[in-house]
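Okay, structure first, notes after.
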Amino acid sequence: MSAYGHQMEREYSAQSLSSTGGSEMGSRYTMETGIYMSSFAATVFISGIVTAGVSLLALLIALAVMLQSCENTNSGALQIYKDIDSYSYCKSYALHAELNSLDVDFFPAICKDVAVRYINEGQYMRDLNMTVGIAENFFSRERPLNDSRDIVLMDADDFFTSENLHSHLSMRRINKDAFHDSSRVKNMFAVKLYLKLQAGGWPLILISRKPETLRDATTEHLASVGCGGWSSLIMRMDNETQMDSQQHFSKQRTALQKEGFQIIATISSQMDAVRGPCLGERVFKLPTPMFNYKTEDYVGSTNL
Ligand SMILES: *[C@@H]1O[C@H](CO)[C@@H](O)[C@H](O)[C@H]1NC(C)=O
Ligand SMILES: *[C@@H]1O[C@H](CO)[C@@H](O)[C@H](O)[C@H]1NC(C)=O
Ligand SMILES: *[C@@H]1O[C@H](CO)[C@@H](O)[C@H](O)[C@H]1NC(C)=O
């Protein structure tokens with residue numbers, strides 16, 4: 001083929017391309033192909049979208065469930081923290097109220113519920129158990145001397161329960177059942193400690209806030225809960241019934257010390273019995289429920 005022929009051929013093909021409107025045709029084709037392809041793709045696409053949608057939905061549901069359970073666990077944890085918070089909060093109030101003999105009005109309202117739960121959920125019992133455990137541990141390491149001069153003082157009123165204790169404790173007004181329960185639990189641990197000390201050979205001296213007129217009833221009650229064999233039971237003399245109970249306890253301890261007794265320990269659930277002079281080597285203060293502090297005295301009480 002001549003060079004001309006080549007050129008003609010090139011020109012022709014270029015012409016034919018332009019004359020046949022190749023580019024137009026091409027684009028139409030592309031369009032047609034595109035339309036054809038997109039309808040095919042649509043099927044693939046829609047099923048893809050449906051599949052993806054279903055997967056996404058499943059994923060969302062899974063996430064929602066996870067979040068929900070996470071939230072639940074979280075709110076559970078938060079509840080516990082809230083409980084611990086209000087518990088510590090009320091415990092601080094309780095300590096202050098107990099030290100200062102403040103009445104129920106002093107407490108924030110939230111503490112009434114906390115005080116009842118403290119008893120009902122067993123924390124009061126655990127606290128008592130721990131304190132009694134500490135005391136037992138102490139006495140297991142100490143030994144009384146054999147001249148009956150080493151003595152342990154116990155609060156005689158801790159052996160009484162709410163049913164037979166004349167008292168003005170605020171807990172009774174808040175929740176009677178919780179009050180009775182706490183009183184029974186305290187009684188149980190006081191008796192347990194008493195028996196342990198007695199078995200260990202410790203001479204026990206009991207001091208009560210009640211007047212001499214109740215001596216027989218008190219002795220009978222102590223025997224009924226299994227607490228016999230004490231060295232002495234000190235009650236208020238007729239001329240001492242108006243005396244503040246803390247003063248009464250202090251006076252009796254001082255007198256015992258003057259008589260030559262060596263007080264090893266003083267044990268009580270109430271502040272009035274564990275304050276003042278001559279408390280001995282150790283004081284064991286049994287825990288008291290939040291509103292169960294004696295804010296008034298037993299002065300003038302004529303029954304158990
Ligand atoms: C008291 O605490 C001891 C552990 O010190 C435990 O073995 C015992 O079961 C507890 N008793 C009560 C009544 O909680
Ligand atoms: C204490 O000593 C006396 C003798 O002085 C003895 O009869 C008594 O059994 C002893 N008591 C104890 C608890 O050891
Ligand atoms: C009460 O009377 C006794 C004697 O019977 C006496 O020893 C005691 O000091 C008196 N107490 C008061 C507070 O007066």
Side-chain angles (χ1 to χ4, degrees), residues 76 79-95 97-98 111-144 152-165 167 169-172 174-202 204 206 221-230 264-271 273-274 279-294:
Q79 190 57 38
I80 289 164
Y81 283 123
K82 244 173 83 185
D83 287 352
I84 291 171
D85 264 0
S86 50
Y87 174 67
S88 329
Y89 176 73
C90 295
K91 265 296 232 196
S92 300
Y93 266 87
L95 178 62
E98 188 169 20
C111 295
K112 288 188 185 177
D113 178 47
V114 172
V116 172
R117 288 178 56 192
Y118 175 64
I119 296 162
N120 290 347
E121 290 175 14
Q123 190 56 45
Y124 178 50
M125 189 168 89
R126 287 190 285 276
D127 284 355
L128 272 167
N129 191 31
M130 265 185 269
T131 308
V132 167
I134 291 168
E136 286 177 353
N137 189 35
F138 171 80
F139 288 109
S140 71
R141 283 184 276 107
E142 299 270 313
R143 283 279 164 258
V152 175
L153 300 182
M154 287 189 88
D155 184 337
D157 299 336
D158 279 339
F159 298 96
F160 288 82
T161 56
S162 54
E163 286 85 1
N164 46 34
L165 175 67
S167 69
L169 307 176
S170 308
M171 192 68 199
R172 174 178 275 166
I174 292 164
N175 186 313
K176 238 179 161 137
D177 289 341
F179 173 68
H180 291 319
D181 287 349
S182 71
S183 159
R184 269 192 293 275
V185 170
K186 184 188 73 181
N187 190 240
M188 188 180 88
F189 278 99
V191 171
K192 180 179 183 279
L193 185 53
Y194 179 102
L195 296 175
K196 191 95 178 188
L197 291 175
Q198 198 177 42
W202 291 96
L204 298 166
L206 306 178
H221 175 78
L222 286 169
S224 79
V225 295
C227 297
W230 28 264
I264 301 300
T266 301
I267 303 163
S268 173
S269 68
Q270 299 294 325
M271 289 304 297
V274 296
L279 288 164
E281 275 178 42
R282 286 284 171 100
V283 165
F284 294 100
K285 165 72 177 63
L286 302 181
T288 316
M290 277 173 204
F291 291 97
N292 245 2
Y293 320 121
K294 203 173 58 57

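If you're wondering where the values come from, they're calculated on a predicted model, not measured in any experiment. Both ligands and their constituent atoms are indexed starting at 1 by order of listing. We're numbering straight along the sequence, starting at 1.
Interatomic distance, Leu193 CG to Trp202 CH2, rounded to the nearest 0.5 Å: 12.0 Å. One distance of note links CD1 of Ile119 with NE2 of His180; it measures 11.5 Å at 0.5 Å rounding.
For His221 and Phe160, the gap between ring centers is short of 6.0 Å.
Between Tyr124 and Tyr118, the ring planes are tilted. Angles from 30° to 60° get that label.
Under the 4.0 angstrom criterion, atom 2 (O) of ligand 1 counts as having a protein heavy-atom contact. Inside a 4.0 Å radius of atom 5 (O) of ligand 1 there is not any protein heavy atom. For atom 9 (O) of ligand 1, no protein non-hydrogen atom is found at a distance below 4.0 Å.
Regarding atom 11 (N) of ligand 1, its nearest protein heavy-atom neighbour is Asn129 ND2, 2.9 Å.
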